[in-house]
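What follows is a short report on a single structure.
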Amino acid sequence: MRESRAIVLEGLSRLEYRGYDSAGFACIDPEDNRLMYAKAEGKLSRLVAQLQEHPIDGFAGIGHTRWSTHGASSEQNAHPHFDCHKQISVIHNGIIENHHELKRQLESEGHHFHSQTDTETIAHLFEVVLARTPILSDAIAQLVTHFQGAYAFVSLLQEHPDVIVAVRKRSPLCIGIGEGQMFVASDMLAFAGKVPKVLFMPDESFALVRKEGIELYAFDGTPLPIMIQDVDVTWDLYEKQDHEHFMLKEIYEQKAAIHDTVDFLHSVKDRVWDDIGVTAQHIRDLSSMNLIGCGTSWHAGYIAQFFFEAICMIPTQLHLGSEFRYLPFFPSDNSLFIAISQSGETADTLEAIRMVQAHSVPTVALTNVSSSTMVREADGFLLTQAGREIAVASTKAFSTQLTALYWLAHRIAYEKKIISAEQLERAQEDLLVAAEVLENSIENYKLQIIKELAPRYARYRKMLFLGRHSSYPFAMEAALKLKEIAYIFATAYPAGELKHGPLALIDTDIPVIIFSHQESLLYQKLLVNAQEVKARGGHIVAFAFEGQQELIELADVVFVISRVKPLLGPLAMTGLMQFFFYAIAKELDRPIDKPRNLAKSVTVE
Ligand code: AGP
């Protein structure tokens with residue numbers, strides 16, 4: 001039967017969010033049992049076209065889309081990689097940290113490498129151990145003793161054409177189990193709807209997957225029991241509908257997504273502590289909070305720090321996922337650790353959860369993906385209801401994270417008897433008002449942005465973003481959006497820091513984007529900073545709130561946003577900010593949904 005190609009390519013298209021630098025496929029020719037492969041640089045569609053022109057197919061197949069870690073995004077570095085005799089193929093996620101050493105050793109023994117990847121060392125070392133130890137499971141148990149790092153790899157071997165080898169250490173890997181059909185993937189979305197059951201491979205385990213069954217082993221070679229679960233996710237084709245890009249569609253979905261998130265949170269309000277895996281008493285005793293995330297999710301956490309400190313009066317510490325494990329962590333008994341992640345797969349955030357668990361501090365994953373690794377590994381979870389987010393630039397995930405965190409701050413405050421049930425209800429209404437403003441602001445300025453402002457600002461190569469208090473992390477998020485999708489250099493500063501250095505940058509080539517705040521003291525201070533920019537001949541684009549007349553008059557371009565609860569100012573400005581930068585990126589003809597060098601989900605540290 002020759003049918004693996006179509007299945008593998010479909011699975012890859014579902015998982016392309018993990019990388020799109022290159023793609024590859026390998027299978028075993030059912031006629032002469034030879035390993036065959038195809039690779040292409042760039043997006044999966046190029047591999048698909050290549051395979052249409054030069055078709056290969058087989059009973060078992062493996063495929064990969066790559067986000068480059070070691071070596072350029074070339075065809076040569078695309079997976080699969082091979083041993084010297086092209087009889088062992090390997091695809092791999094994660095990083096083999098000691099690959100330099102291994103490569104040096106293997107080269108000294110006569111192995112020839114064809115790529116700059118760490119992955120290729122796996123294939124050559126597999127060749128070495130198999131030559132010594134022909135029993136496959138024994139050979140793999142030996143193989144894994146050589147590797148340092150977090151990795152998941154899958155191998156197809158010419159000598160064992162009926163087996164797919166799957167190996168997992170820290171990086172996710174699961175096996176879809178059907179009738180005479182098996183799938184191995186980093187995310188069960190790859191086979192959702194095709195098989196009813198899934199085995200999530202335990203950490204530090206490997207599997208021999210055959211059509212008729214699975215053998216599962218611990219890294220030391222001892223057999224492990226196979227714990228099967230139902231596949232509880234579905235795959236729906238997610239279309240752009242009338243929108244030119246997924247990002248635009250997702251910007252417009254935000255109002256509904258905020259509504260869905262509020263409705264959901266309201267529906268779980270009485271059982272929320274059970275859901276997130278803590279007792280009500282733990283919440284009542286809570287004396288500190290920890291928030292962690294990366295990129296946009298970190299910005300959401302930064303804004304939420306203001307929520308938790310102002311609404312529940314709990315000192316809140318914010319951590320960056322990528323820094324966390326290298327800094328001291330001071331656990332306290334009465335603490336809660338919330339990991340914020342759209343995908344629930346970000347390796348840095350996941351590693352932080354694992355480290356915190358070792359300190360017995362309860363961990364909660366605030367994520368958008370119910371089938372994610374964080375949902376499985378954290379002590380509890382809370383789901384945002386953004387729906388699938390396809391564009392690499394996060395939009396509705398961000399606004400629903402803010403929504404859920406604002407709600408959670410109120411729910412904790414209610415549990416601690418700081419606010420009443422009515423105030424909790426009102427917080428939900430305030431969120432819906434902010435959602436309305438988020439959408440209306442886009443409508444109010446859409447035409448002006450498309451016709452006048454996007455062409456004008458697309459000409460600049462750098463921009464400076466300013467905010468104060470919660471509008472500072474919002475400025476950071478705005479700068480990230482512009483960099484990510486328009487490739488325009490942007491940096492965010494707390495406005496009060498301007499005079500300590502960045503003011504030297506001010507000239508006519510660097511627009512200054514100011515995000516205002518509704519609190520009058522903060523607004524007054526921001527106004528002073530805006531005047532400092534103006535006094536030096538600077539050019540200001542202001543996101544101001546209704547009634548902020550001085551700023552409105554001072555700015556060269558101004559967007560006026562309706563007033564909302566002050567802490568929800570960033571949420572109200574979100575849609576317009578995203579739309580403005582989307583329009584600039586479109587003007588520059590950037591590949592908005594899949595910007596260069598990025599991936600939707602970053603599964604390496
Ligand atoms: C945002 O536009 C980015 N794509 C990126 O910063 C992202 O937020 C970050 O990689 C974290 O991802 P996560 O929310 O899935 O953990």
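Counting convention: from 1, in listed order, for ligands and their atoms alike. Predicted model only: the values in this text are computed from it and were never measured.
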Handout entry: atom 7 (C) of ligand 1: nearest protein contact (heavy atom, Å)
Key = T296 N, 4.1 Å
Handout entry: Interatomic distance, H92 atom NE2 to R66 atom CZ [nearest 0.5 angstrom]
Key = 10.5 Å
Throw together a table of side-chain donor-acceptor distances under 3.5 angstrom for residues 583-590, partners on residues two or more places apart or in other chains.
from, atom 1, to, atom 2, distance (Å)
K586, NZ, E244, OE1, 3.1
R590, NE, A486, O, 2.9
R590, NH2, A486, O, 3.2

Practice task
Measure the distances from the heavy atoms of T349 to every atom of ligand 1 and state whether one is below 4.0 angstrom.
Solution key: no
Practice task
Write out the residue and atom name of the closest protein heavy atom to atom 12 (O) of ligand 1, then the distance separating them to 0.1 Å.
Solution key: T346 OG1, 3.4 Å
Practice task
Specify side chain, backbone, both or neither for K600, according to which of its non-hydrogen atoms lie closer than 4.0 Å to ligand 1.
Solution key: neither
Exercise for the section: In sequence, state the C-alpha distance, the side-chain angles, and the governing distance for L567 and F306, and then conclude on side-chain contact (heavy atoms from CB on, under 4.5 Å). Expected result: CA-CA 8 Å; L567 281 172; F306 294 95; 4.1 Å; yes
Problem - Residue of the set E253, E250, E389 for which salt bridge (charged side-chain N to carboxylate O under 4.0 Å, His left out) holds with K396 - result: E253
Problem - Flag side-chain contact, heavy atom, 4.5 Å: I276 against F381 - result: no
Handout entry: S601 to ligand 1, any heavy atom closer than 4.0 Å
Key = no
Problem - Atoms of ligand 1, numbered as shown, that sit under 4.0 Å from any heavy atom of Q342 - result: 13 (P), 14 (O), 15 (O), 16 (O)
Exercise for the section: Heavy-atom contacts with S341 under 4.0 Å: which atoms of ligand 1 show up? List them by number with element. Expected result: 13 (P), 14 (O), 15 (O), 16 (O)
Problem - Any N/O pair Q401/ligand 1 closer than 3.5 Å - result: no
Handout entry: Polar atom proximity, V392 to ligand 1 (N or O, under 3.5 Å)
Key = yes
Completion exercise
heavy-atom search around atom 15 (O) of ligand 1 in the protein gives S343 OG, 2.6 Å
Practice task
Taking only heavy atoms of A393 into account, list the atoms of ligand 1 that are under 4.0 Å away from them.
Solution key: 2 (O)
Fill in the blank from the handout: For S394, the atoms of ligand 1 under 4.0 Å from one of its heavy atoms are 1 (C), 2 (O)
Fill in the blank from the handout: One should read off an interatomic distance between I311 CD1 and E309 CD, to the nearest 0.5 angstrom, of 11.0 Å
Exercise for the section: State the atoms of ligand 1, each with its element, that fall below the 4.0 Å cut-off from a heavy-atom position in S297. Expected result: 8 (O), 13 (P), 14 (O)
Problem - Residue and atom name of the nearest protein heavy atom (relative to atom 3 (C) of ligand 1), distance in Å to one decimal - result: E484 OE2, 3.1 Å
Practice task
With heavy atoms under 4.0 Å as the rule, classify the contact between K481 and ligand 1 as side chain, backbone, both or neither.
Solution key: side chain
Exercise for the section: Give the residue and atom name of whichever protein heavy atom lies nearest to atom 10 (O) of ligand 1, and the separation in Å to one decimal. Expected result: V602 CG2, 4.1 Å
Handout entry: Distance-minimising heavy-atom pair for V361 and P331
Key = CG2-CB, 3.7 Å
Problem - Distance-only donor-acceptor check, side chains T296 and K481, under 3.5 Å - result: yes
Handout entry: Results of side chain to side chain contact (heavy atoms under 4.5 Å, CB included) for V198 - residues two or more places apart only
Key = C174, M188, F191, F200, Q229, V231
Problem - Residue, atom name and distance, where the atom is the protein heavy atom closest to atom 9 (C) of ligand 1 - result: C294 O, 3.6 Å
Completion exercise
Closest non-hydrogen atoms of D348 and C294, given as atom of the first, atom of the second and distance, are CB-SG, 3.8 Å
Problem - Presence of salt bridge, E10 and K194, under 4.0 angstrom - result: yes
